[in-house]
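For reference, the structure is listed below as structure tokens.
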Amino acid sequence: MHGNAIIDAVTHDPSSQGPLLQGRNRKDVAGAPRSGAPRSGAPRAGAPRAGAEAGEAAELGGDSWAVVLAPRLAQFTAVARHEHVTRAAQELGMPQPTLSRALVRLEDDLGVALFARHGRTLSLTPAGRAFLASTERALTDLERATESVRADVDPAAGKVAFGFLHTLGPETVPGLIRSFRADHPRVRFQLVQNYGEAMIERMRAGDLDLCLTSPVPDYPDLVARRLDEQKLRLVVPDDHALARRKRVRLAEASGELFVTLEPGYGLRRITDALCAEAGFTPRVAFEGEEAETLRGLVAAGLGVALLPPPAVPRPGVAELTVTAPRAVREIGVAWLDGHPDTPPVAEFKKFLLSRRGKLLPR
């Protein structure tokens with residue numbers, strides 16, 4: 001239902017690079033003497049660098065080639081395409097002398113002649129042609145990455161990475177998205193179904209913008225808001241002694257085998273807490289990962305379960321109202337505290353908060 005994307009984030013200290021880059025730009029404008037070797041302070045040509053292997057992320061330290069060369073790659077590519085500095089300068093909207101000095105400085109940094117000069121025209125050397133191929137790929141990748149991240153934050157057509165519990169998938173979430181898209185028809189959703197703790201970890205990892213979960217989490221790094229509550233029912237096989245009842249106290253099921261979700265799931269914690277409040281510890285016969293699978297186990301006569309109402313009635317089971325203790329689960333929305341929202345995420349969050357008390361079908 002969803003795709004996984006891995007983003008390798010490279011961190012660096014901007015304060016260590018700012019003066020270096022500012023210094024380089026000032027010297028480009030002021031001009032610099034040509035030399036056949038890399039100037040002092042630039043990475044040595046041929047020097048081993050971290051991230052030099054294919055597929056390996058480069059480390060952007062202050063002496064990294066990427067930091068040194070990145071501002072001038074588009075300039076080099078424009079001149080290589082036109083084979084003429086003046087026409088390239090016009091395309092880039094910069095003075096021709098500034099571009100000429102930038103090219104000289106680039107060759108000085110690399111210690112390689114990239115162009116052969118023929119009066120006012122230039123042609124690429126073999127080294128220049130090899131460098132151009134990689135430069136064009138890098139600029140294309142950068143353009144695509146820029147378009148992608150800008151598209152995701154577009155107020156009208158951006159993306160929301162939204163997580164929710166499996167039990168909210170069949171009915172609640174489709175209805176929410178349909179209602180939201182009535183006013184925001186082009187907003188895209190990346191939908192992730194999982195149990196609460198797993199979704200919270202994915203939010204912390206940056207994979208999710210917000211999630212619907214239960215119980216409502218209480219962590220210092222999260223903001224959580226209660227939206228609604230859902231009644232839980234005691235589900236028994238349709239030939240069970242309790243099946244003809246409409247209401248039951250949970251303590252009446254103390255001698256039964258239970259089928260439950262696995263430890264770590266929010267509904268499992270709620271089940272254990274309600275049984276403890278009723279004065280017993282449930283004897284667990286089977287553990288699963290999905291509520292409707294548990295209903296199937298109940299229908300097969302393998303135990304009883306505390307479950308939210310199904311989207312579609314399930315044959316083979318009876319669903320009983322629990323009168324004591326009060327058997328409900330709270331549903332809430334959570335997001336990372338202090339995390340900036342993109343415009344589409346902010347709109348969807350406001351929409352969810354507006355559904356307080358009417359999130360679930362009645």
Side-chain angles (χ1 to χ4, degrees), residues 1-11 57 145 148-181 184 186-230 261-270 273 288-291 308 329-357 359-360:
M1 184 171 198
H2 62 277
N4 293 325
I6 300 176
I7 303 173
D8 294 325
V10 183
T11 59
S148 176
V149 297
R150 286 176 61 83
D152 285 349
V153 303
D154 183 279
K159 184 182 75 173
V160 178
F162 180 44
F164 53 93
L165 301 171
H166 286 91
T167 50
L168 301 178
E171 190 173 8
T172 300
V173 169
L176 286 172
I177 293 177
R178 180 183 59 192
S179 296
F180 177 75
R181 282 170 62 92
H184 306 81
R186 295 170 55 209
V187 169
R188 296 170 291 122
F189 283 83
Q190 177 189 349
L191 301 178
V192 176
Q193 290 178 273
N194 217 319
Y195 66 98
E197 290 299 320
M199 289 191 294
I200 289 170
E201 288 308 309
R202 292 195 64 168
M203 279 200 303
R204 289 172 174 149
D207 296 335
L208 288 177
D209 297 310
L210 66 169
C211 68
L212 286 181
T213 188
S214 176
V216 180
D218 182 19
Y219 294 109
D221 61 333
L222 297 183
V223 178
R225 296 287 183 267
R226 179 187 179 279
L227 295 180
D228 215 335
E229 67 177 26
Q230 187 175 47
L261 296 180
E262 295 177 349
Y265 283 70
L267 188 56
R268 172 61 179 272
R269 294 200 303 273
I270 293 170
E289 297 181 344
E290 202 271 326
R329 66 169 181 171
E330 291 187 336
I331 308 293
V333 60
W335 61 88
L336 285 180
D337 189 17
H339 191 274
D341 290 333
T342 64
V345 171
E347 283 299 309
F348 188 59
K349 182 187 295 183
K350 183 170 68 174
F351 168 78
L352 288 177
L353 294 174
S354 75
R355 305 287 292 189
R356 186 179 286 111
L359 178 79
L360 303 172

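Along the sequence shown, the residues carry numbers beginning at 1.
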In residues 151-166, what donor-acceptor pairs under 3.5 Å come from side-chain atoms, sequence neighbours left out?
unit_1	atom_1	unit_2	atom_2	d
D152	OD1	R188	NH2	3.0
D154	OD1	A156	N	2.8
D154	OD1	A157	N	2.8

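- With sequence neighbours excluded, the residues forming a salt bridge (Lys or Arg N to Asp or Glu O under 4.0 Å) with R226 are E229, E330, listed by chain and number.
- Applying the salt bridge (Lys or Arg N to Asp or Glu O under 4.0 Å) rule to R268 yields the partners D272, E287; only residues at least two apart in sequence or on another chain are considered.
- Pairs engaging residues 191-200 under the salt bridge (Lys or Arg N to Asp or Glu O under 4.0 Å) rule: none recorded [sequence neighbours left out].
- Distance check, rounded to the nearest 0.5 Å: CZ of R269 to OH of Y195 gives 10.0 Å.
- Between the S148 side chain and the A145 main chain, no donor and acceptor come within less than 3.5 Å of each other.
- Qualifying side chain to side chain contact (heavy atoms under 4.5 Å, CB included) partners for P217, counting only residues two or more places apart in sequence or in other chains: I200, T213, Y219, L222, A224, A334.
- Between the CD1 atom in I331 and the OG1 atom in T167 there is a gap of 6.0 Å [rounded to 0.5 Å].
- Applying the side chain to side chain contact (heavy atoms under 4.5 Å, CB included) rule to V223 yields the partners R225, W335, D337; only residues at least two apart in sequence or on another chain are considered.
- Between the side chain of D209 and the backbone N or O of V345, no donor-acceptor pair lies under 3.5 Å.
- With sequence neighbours excluded, the residues forming a salt bridge (Lys or Arg N to Asp or Glu O under 4.0 Å) with E347 are K350, listed by chain and number.
- Just one residue in the list L227, V216, L359 forms a side-chain contact (heavy atoms from CB on, under 4.5 Å) with V333, and that residue is L227.
- Residues forming a side-chain hydrogen bond (donor to acceptor under 3.5 Å, both in side chains) with E201 (at least two apart in sequence, or on another chain): R204.
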Query - CA sep, side-chain torsions, deciding dist, call: V192, D207, side chain to side chain contact (heavy atoms under 4.5 Å, CB included) - result: CA-CA 10 Å; V192 176; D207 296 335; over 6 Å; no
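- Residues satisfying the side-chain hydrogen bond (donor to acceptor under 3.5 Å, both in side chains) test with N194, not counting sequence neighbours, are none.
- Partners of E171 by salt bridge (Lys or Arg N to Asp or Glu O under 4.0 Å), not counting sequence neighbours: none found.
- In this structure, the side-chain hydrogen bond (donor to acceptor under 3.5 Å, both in side chains) partners of Q230, at least two apart in sequence or on a different chain, are R329.
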